[in-house]
Amino acid sequence: MRTRIVAVDPERPLPAAIEAAANVVRGGGLVAFPTETVYGLGANALDATAVARIFAAKGRPATNPVIVHVENLIGAQKLTTSWPESATRLAARFWPGPLTLVLTKQPVVPDVTTAGGPTVAIRVPSHPVALSLIRVAGVPIAAPSANRSTEVSPTLAEHVLRALDGRIELLLDGGPTANGLESTVLDLSTEPPRLLRPGPLTRGELEAVLGQSISIVSHRASEAQQGSPLPSPGMLARHYAPHTPLELAADSGRQRVIELCKNGKRVGWLAFENESSVGPAGSLIILMPPDAARYGARLYAALHELDQARVDRIVVALPPKDETWAAIQDRLQRAAAQPDNVSSRGVHDP
Ligand code: TXA
Ligand code: MG
């Protein structure tokens with residue numbers, strides 16, 4: 001299959017471009033498109049065969065459900081059996097935007113979309129390209145991030161192409177995505193609500209609107225092994241990981257970078273802007289912004305760059321601990337989690 005690439009203005013996409021993409025979605029095909037968080041890999045959420053193709057293209061386990069993107073609150077309500085008052089309040093405050101709500105699903109949502117589970121994850125994206133695509137296609141769009149399973153999410157069209165060229169019909173290239181980190185996922189099918197994935201909207205922001213506290217879900221593999229169902233299967237450790245082994249430093253990382261370079265390693269170093277822009281010999285330094293929003297927007301592109309540069313190791317300066325950094329801390333810890341058998345994976349094997 002040849003992947004067609006269509007450039008679009010992220011603010012005012014041409015109707016012809018959106019129409020072409022919508023036709024692919026209506027015909028059961030796959031379209032990658034920008035959202036305000038990361039690029040999504042979209043298909044008609046109500047077409048089981050089309051959604052199955054998303055799983056095949058990504059190499060995603062069938063046990064990991066996907067997020068359904070809708071145009072507005074009414075679109076979301078059509079997919080759910082009950083709509084709590086808390087969902088109305090959250091939607092009024094944060095939709096369109098990077099908040100995904102998990103609620104009990106209507107039978108119209110096929111099992112493949114929800115990985116056989118009774119709930120569906122829904123969000124209304126704020127990106128004009130994503131919104132017009134949903135509107136013109138006239139169907140809800142199932143879209144996980146447009147990367148191969150467990151790899152780093154795409155924040156640029158070129159990241160999507162590197163992972164999925166030849167596996168999808170069309171890519172809408174709308175330039176870099178603004179948030180750079182995946183949406184906050186909140187489970188409203190439980191009481192109290194559970195934060196399944198930290199994201200651009202913080203726990204505190206959600207609690208302020210809900211007027212109650214949210215529980216935080218632990219995704220430790222040890223608990224999964226005890227036979228309890230996974231609250232959010234996509235949150236297993238070792239997700240969002242670059243090909244290159246990544247270490248989270250306990251400090252700026254400088255000493256660790258020096259040590260690794262002395263041992264002959266080529267090291268990619270995500271440092272903060274207060275470091276000198278020249279790293280130790282043998283290192284490739286990327287200076288990261290000191291505020292969480294800009295850091296988050298830059299993070300995945302930096303990891304993609306270091307993978308491309310084929311360094312042996314990535315060392316990341318420890319980010320601040322406060323709540324605005326929670327999503328970044330989460331993604332970095334997952335990226336640093338070692339696969340069960342590192343040697344069999346090989347540093348640059350896909
Ligand atoms: O920002 C985003 O959310 C992006 C853009 C494209 O919208 N999408 C995204 O999708 O990150 P994905 O598939 O990479 O991550 C979806 C997350 C996974 O952790 C998955 O396990 C969880 O949402 N999820 C989906 N449906 C769920 C459900 N019914 N119950 C619990 N967790 C669910
Ligand atoms: Mg993903």
Side-chain angles (χ1 to χ4, degrees), residues 30-43 45 51 54-55 57-70 79-80 94-106 109-127 129-131 133-134 140-155 159-160 163-164 172 174 177-190 193-201 217 219 224 229-241 296-297 300 327 330-331 334-335:
L30 302 182
V31 173
F33 60 95
T35 80
E36 74 280 21
T37 58
V38 299
Y39 274 76
L41 171 53
V51 176
I54 295 180
F55 284 80
K58 279 186 64 105
R60 183 178 179 103
T63 49
N64 190 2
V66 297
I67 295 174
V68 178
H69 298 69
V70 295
L79 304 179
T80 54
F94 298 117
W95 280 355
L99 174 65
T100 297
L101 299 177
V102 173
L103 291 151
T104 48
K105 81 171 186 83
Q106 284 282 359
V109 183
D111 281 346
V112 59
T113 302
T114 63
T119 59
V120 58
I122 309 176
R123 84 179 187 96
V124 178
S126 65
H127 197 295
V129 172
L131 272 181
L133 178 60
I134 298 163
I141 296 186
S145 50
N147 50 281
R148 300 274 294 164
S149 186
T150 78
E151 295 185 356
V152 176
S153 294
T155 56
H159 302 154
V160 178
L164 298 172
L172 290 173
T177 60
N179 274 297
L181 294 178
E182 303 83 353
S183 62
T184 304
V185 180
L186 183 70
D187 187 353
L188 288 181
S189 73
T190 59
R194 303 185 295 181
L195 186 69
L196 298 181
R197 178 171 72 184
L201 296 169
V217 172
H219 298 285
L230 292 170
S232 189
M235 295 304 285
L236 288 171
R238 190 71 194 176
H239 226 90
Y240 312 99
Y300 289 161
D330 170 77
R331 303 306 190 276
R334 285 171 205 295

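All residue numbers refer to positions in the sequence shown, counting from 1. Ligands are counted one by one from 1 in listed order, and the atoms in each one are counted from 1 as well. These numbers come from a predicted model, not from an experiment.
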For the Mg ion (ligand 2), what is the number of protein N, O or S atoms at a distance under 2.8 Å?
1
Decide whether an N or O pair under 3.5 Å exists between His69 and ligand 1.
yes
Quick check: does Glu182 get an N/O under 3.5 Å from an N/O on ligand 1?
no
Side chain or backbone of Asn64 under 4.0 Å from ligand 1, or both, or neither, by non-hydrogen atoms?
side chain
Considering both backbone and side-chain atoms of Ser145, is one of its nitrogen or oxygen atoms within less than 3.5 Å of a nitrogen or oxygen in ligand 1?
yes
Between the side chains of Arg123 and Glu182, is the shortest nitrogen-to-carboxylate-oxygen separation below 4.0 Å, so that they form an ion pair?
no
With atom 33 (C) of ligand 1 as the reference point, say which of Ser189, Ala146, Pro65 has the nearest heavy atom.
Pro65
Mind listing the closest non-hydrogen atom pair of Leu164 and Asn147 along with its distance?
CD1-N, 4.3 Å
Does Val102 approach ligand 1 within less than 4.0 angstrom via side chain, backbone, both or neither, non-hydrogen atoms only?
side chain
For Tyr39 and ligand 1, does the shortest N/O to N/O distance drop below 3.5 Å?
no
Taking non-hydrogen atoms only, is Arg60 closer than 4.0 angstrom to ligand 1 via side chain, backbone, both or neither?
side chain
Out of Pro154, Ala130, Gly40, Ser149, whose heavy atom is nearest to atom 6 (C) of ligand 1?
Gly40
For Leu188 and Leu103, which heavy atoms make the closest approach, and how far apart are they?
CB-CD2, 3.8 Å
Walk me through whether Thr100 and Ser183 qualify under side-chain hydrogen bond (donor to acceptor under 3.5 Å, both in side chains).
CA-CA 6 Å; Thr100 297; Ser183 62; 2.8 Å; yes
Measure Thr114 to ligand 1 on non-hydrogen atoms and call it side chain, backbone, both or neither using the 4.0 Å cut-off.
neither
